[in-house]
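Worksheet: one structure, shown below.
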Amino acid sequence: MQNIPKHYNQAGEPNVYKLWESSGYFNPDNLEGEPFTIMMPPPNATGTLHIGHAFETSIQDILTRYHRMKGDKTLWLPGTDHAAIATNTKVEKILIKEEGKNRHDIGREAFVKKVEEFVDASRGTIQKQLRTIGASADWSREAFTFDEPRNLAVRTAFKKMYDEGLIYRGTRVINWDPKGQTSVSDDEVVHKTEKGQLYTFKYSKDFPIAIATTRPETKVGDVAVAVNPKDKRYKKFIGKEYEVEFAGTKLNIKIVADDTVDPEFGTGAVGVTPAHSITDYEIALRQNLKPVQVINEYARMIEAAGALVAGKKTKEAREIIVSWLKENGLLEKTEDIDMNIATAERSSGVIEPLPKLQWFVDVNKEFERNGKKTSLKQLMHNAVRSGGVKILPERFEKVYFNWIDNLRDWNISRQLWYGHRIPVWYKGTTIYCDIEPPKEDGWTQDEDTLDTWFSSALWTFSTLGWPKEIQDLKTFHPTSVMAPGYEILFFWVARMILMSTFLLGEVPFQVVYLHGMVRNIEGKKFSKSQGTGIDPVEVIQKYGADALRMALVVGVGPGNDSKYDEMKVKGYRNFANKIWNAARFVLQNTEDYNSPQPPLKLRETSSLTSRRGLGKKAQPKAGALLPADKKILEELDSLVKSITKQLEKFDFAHAAEDLYHYFWHTFADKIIEESKSKLADEKTRASAQLMLKTALETQLKLLHPFMPFVTETVWQLTHEDLLMIQKWP
RNA sequence: GGACGGUUAGCUCAGUGGUAGAGCAUCUCUUUGACGUAGAGAGGGUCAGAGGUUCAAAUCCUCUACCGUCCACCA
């Protein structure tokens, strides 16, 4: 006992982790009690974890360890996401760089194989990182959004929705990413503000109405001019049709009335380009206008655009048309304005709206559920409105509802090779949708793959074996808590609610605790491409996982962004050392204390579950305490109550801070200091020893969810069993 | 154009009605057997601004400014 080193050494953390993992208690099959479930938001399989993941992991591990100690049958299920677009893009980029080939050069099968190799290697890194952070997750149930069981879930979900008429195929103007060569959903479009020009012009000299646009090159695809029906200036033109010669092509322009036109903006008249604008497409649908496509998938002008610009890139075409307008005296005005450019979230390519045949989830279609009419939108709405799903912090509920209100049909098909293939086959004009391919020959499967969020949306139950009715699904679903970042509220949280309520008729989770982003000290996003990313493993090697966890959790309000500061980590490294040394003092001064019953040997018990709560046997009797020491423990007891309350409220920041404060400035600075004279006096020594031992052990338990490594390491000095499964005080 | 968050000590943040707090940083002292990755102590804020409610406002209400984020079909 005298040989306890002067400093806590975090180099021993991996051994502690091995001890936990081999104990089997990460697996709830070895635990009794009420189920408590957290599904890990699966990190992208091709990435490595950054400091934000470390934060997210810390929160979940705190919850998991707390509930495990509380006596719940606790499951934290880990996994990774195949992140179709991101992975597809990344691997193709490597392929081009290393072999000078794109995916079409090597073919679908070879490409997918390459991706899979890449993903396998990358997943291993993530698993290692999670262990380093201390994640007490059940590795035996680890899942991947693109493995066989998850693929079955995807096919099953697709078929059920298809049969219900909630998935349909149709030609719509969608967000096309020319860079990534795929369509993307509305949520994957990021608007960036850029300086641009607003051109005001007339199609031709005789045309009565001037229009304004930021994209002159699309105007060769115009079929109408829309005006507000109340606009007196243009009322007399409504319904008229004009044939115009415009920039080397002939246009047939009809003047139509549409309420969505703002008379105040520009000239109060909109040139309608149905094929290349989602809003114009909607106007066209209302007005029965036929779209004319003039731009292709590579953002080049096609034949239909006219001889002047055919074959040109959109950017060049814009310049050509602007000069044509100038030459013909049709350009009335050019203004510099701030405009919103739509870009693809993943490739940052400029979105080109195009009419395409795609698969969609219909969010408005009514269907019967429990004898009542409902829709997917309504299901999503009700899940939160009814309180079945609680969103924390509450302010995000408003954001959620706002999103649902503006929601349009979800484009789920992607023109990528890596991803879940759409379970639909064609033979001539016949369409066949099923979980398994058709038995006869002659069918060809749909080429498209599914939006990665389609499979992620099934995560809370696909991980538990659905559609198979295994015991896990019954035991652990709906899950208890989901703790993703607020930035994926729409992408993921909303869609999990959609899928779970539709497919299972129950919510996916009871609570969504949304956390904020970890930024650098200047308040900017960490960026891997700019080399400003931080590997949590490096930080952990320097300061220890406990220190990092505390630094990420303390001082961060629910749902708030935070700034990562290495000095803060250093501060909690010092705290870990403080715990170590306070424990060292207590252990050195209580060696001669006769505890009522010595701890049992770990190896003497065979059953895993019978080991739970053994630490209690070493607890001293309260009667042996003098009033002053008793009072100290009573005060500690009120801390226990307050910490417990904070954890129940997801107030990790305050719980951690209060524990820090009490341990350092009350226990170490005051209680231990005052105990020195008590220990020196035979009359008070035994009581002080009992008090110190009890107070220390109680605090180790309280601190364990936050700082699992140092607390377990200290515990192991005098116990044969694990702190991880001691009963919460 | 909507919605939300923020503005408190040099820095990072707590504090939601009752005489301004923590950590880090700064300064002074302490080589005392748990720990110098430490201990004792000190300095430092008109709580963004204006108005209002109240016996009492960092805290509640109104407005303003600035910073940040999300949503939105100004073509």
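Within every chain, numbering begins at 1; the chains are lettered A, B, ... in the order of the sequence lines, protein sequences first and strands thereafter. Here the structure is a predicted model, which means the values were calculated and not measured.
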For [X], give me all partners under side-chain contact (heavy atoms from CB on, under 4.5 Å), at least two apart in sequence or on another chain.
{"X": "A:L285", "result": "A:Y281"}
{"X": "A:V511", "result": "A:K390, A:L392, A:V481, A:F650"}
{"X": "A:I540", "result": "A:E13, A:T132, A:I133, A:A545, A:L548"}

Practice item. Would you mind building the protein contact string for nucleotides 70-75 of chain B? One character per nucleotide, 5' to 3', B for base within reach (heavy atoms under 4.0 Å), S for sugar-phosphate only, - for untouched. Key: -SBBBB
Check your understanding: What is the per-nucleotide protein-contact pattern of nucleotides 21-29 of chain B, from the 5' end, where B denotes a base atom under 4.0 Å from a protein heavy atom, S denotes such proximity for sugar-phosphate atoms only, and - denotes neither?
Key -> -SS------
Review point. So do A:K333 and A:F201 actually touch side chain to side chain, heavy atoms under 4.5 Å?
Key: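 No - every pair of side-chain heavy atoms lies 4.5 Å or more apart.
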Exercise for review: Kindly indicate whether the side chain of A:D658, heavy atoms from C-beta on, has any atom under 4.5 Å from the side chain of A:Q646.
Suggested key: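 Contact flag for A:D658/A:Q646 side chains = yes.
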Taking the same atom, [atom1], in [N] and in [M], what whole-Å distance lies between them?
{"N": "B:A72", "M": "B:A14", "atom1": "P", "value": "29 Å"}
{"N": "B:A57", "M": "B:G5", "atom1": "P", "value": "24 Å"}
{"N": "B:G36", "M": "B:A20", "atom1": "P", "value": "38 Å"}
{"N": "B:C24", "M": "B:U31", "atom1": "C1'", "value": "25 Å"}
{"N": "B:G68", "M": "B:G21", "atom1": "C1'", "value": "26 Å"}

How many Å lie between [atom1] on [X] and [atom2] on [N], as a whole number?
{"X": "A:E566", "N": "B:U12", "atom1": "CD", "atom2": "P", "value": "17 Å"}
{"X": "A:F401", "N": "B:C4", "atom1": "CZ", "atom2": "P", "value": "15 Å"}
{"X": "A:F575", "N": "B:A38", "atom1": "CZ", "atom2": "P", "value": "12 Å"}
{"X": "A:R519", "N": "B:U69", "atom1": "CZ", "atom2": "P", "value": "6 Å"}
{"X": "A:K649", "N": "B:A14", "atom1": "NZ", "atom2": "C1'", "value": "14 Å"}
{"X": "A:F396", "N": "B:U69", "atom1": "CZ", "atom2": "P", "value": "14 Å"}
{"X": "A:N560", "N": "B:U12", "atom1": "CG", "atom2": "P", "value": "14 Å"}
{"X": "A:M517", "N": "B:G6", "atom1": "CE", "atom2": "C1'", "value": "15 Å"}

Point to revise | Output field: ring centroids A:F652/A:Y513 closer than 6.0 Å | key: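 Distance test on ring centres: under 6.0 Å, yes.
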Is the shortest side-chain N to carboxylate O distance from [X] to [Y] below 4.0 Å?
{"X": "A:E282", "Y": "A:R408", "result": "yes"}
{"X": "A:D629", "Y": "A:K678", "result": "yes"}
{"X": "A:K542", "Y": "A:E566", "result": "yes"}
{"X": "A:D187", "Y": "A:R495", "result": "yes"}
{"X": "A:E522", "Y": "A:K524", "result": "no"}

Exercise for review: May I ask you to say what A:R573 touches in the nucleic acid, namely base, sugar-phosphate or nothing, with a heavy-atom cut-off under 4.0 Å?
Suggested key: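 It contacts base atoms.
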Exercise for review: Quickly, which of A:Y486, A:W453, A:W410, A:W403 forms a ring-ring contact (aromatic ring centres under 6.0 Å, His included) with A:F491? Name it, please.
Suggested key: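 Output: one option passes, namely A:W453.
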Review point. Distance-only, no hydrogens or angles: does the A:T684 side chain make a donor-acceptor pair with backbone N or O of A:D681 under 3.5 Å?
Key: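 Judged by distance alone, yes, a pair lies under 3.5 Å.
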Write down the protein N/O and nucleotide N/O pairs, taken from nucleotides 8-10 of chain B, whose separation is under 3.5 Å; answer none if there are no such pairs.
none

Detail all sub-3.5 Å separations between protein N/O atoms and N/O atoms belonging to nucleotides 42-45 of chain B.
none

Review point. Are any of A:K563's side-chain N or O atoms less than 4.0 Å away from OP1 or OP2 of B:U12?
Key: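 Affirmative; the distance criterion is met.
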Check nucleotides 32-35 of chain B for protein N or O atoms closer than 3.5 Å to its own N or O atoms and list the pairs.
from, atom 1, to, atom 2, distance (Å)
B:A34, OP1, A:K676, NZ, 3.1
B:A34, O3', A:R584, NH1, 3.3
B:A34, O2', A:N581, OD1, 2.7
B:A34, O2', A:R584, NH1, 2.7
B:A34, N7, A:K676, NZ, 3.4
B:A34, N6, A:A668, O, 3.1
B:A34, N6, A:E673, OE2, 3.0
B:A34, N3, A:N581, O, 3.1
B:A34, N3, A:A582, N, 3.4
B:C35, O4', A:N581, OD1, 2.8
B:C35, O4', A:N581, ND2, 3.4
B:C35, O2', A:N577, ND2, 3.1
B:C35, O2', A:N581, ND2, 3.4
B:C35, O2, A:K578, NZ, 2.7
B:C35, N3, A:K578, NZ, 2.8

Exercise for review: Not counting sequence neighbours, list each pair that qualifies as a salt bridge (charged side-chain N to carboxylate O under 4.0 Å, His left out) and has a residue in residues 260-281 of chain A.
Suggested key: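 Sorted pair list comes back empty.
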Exercise for review: Verify whether one side chain among A:E188 and A:N175 offers a donor that lies under 3.5 Å from an acceptor in the other.
Suggested key: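 No - no donor-acceptor pair under 3.5 Å links their side chains.
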Check your understanding: How is the base pairing of RNA chain B summarised as a dot-bracket string, given the Watson-Crick and G-U wobble criteria with both distances under 3.5 Å, [ ] for crossing and | for another strand?
Key -> ((((((((.[[[[.)..(..]]]].(((((.......))))).....[[[[[..)....]]]]])))))))....
**Study point:** Nearest-0.5 Å distance that lies between atom CG in A:L659 and atom CE in A:M550
**Key:**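 Between A:L659 CG and A:M550 CE, I get 7.0 Å after rounding to 0.5 Å.
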Practice item. Give a yes/no verdict on a cation-pi contact between A:K326 and A:Y199, requiring under 6.0 Å between NZ or CZ and the six-membered ring centre and an angle within 45° of the axis. Key: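 Output no; distance or angle outside limits.
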**Study point:** Residue list, ring pair (Phe, Tyr, Trp, His ring centres under 6.0 Å) with A:H515, at least two apart or on another chain
**Key:**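 By the ring pair (Phe, Tyr, Trp, His ring centres under 6.0 Å) rule, A:H515 matches A:F55.
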Report all side-chain donor-acceptor pairs from residues 568-575 of chain A shorter than 3.5 Å, counting only partners two or more places apart or in another chain.
from, atom 1, to, atom 2, distance (Å)
A:K568, NZ, A:A551, O, 3.2
A:K568, NZ, A:V554, O, 2.8

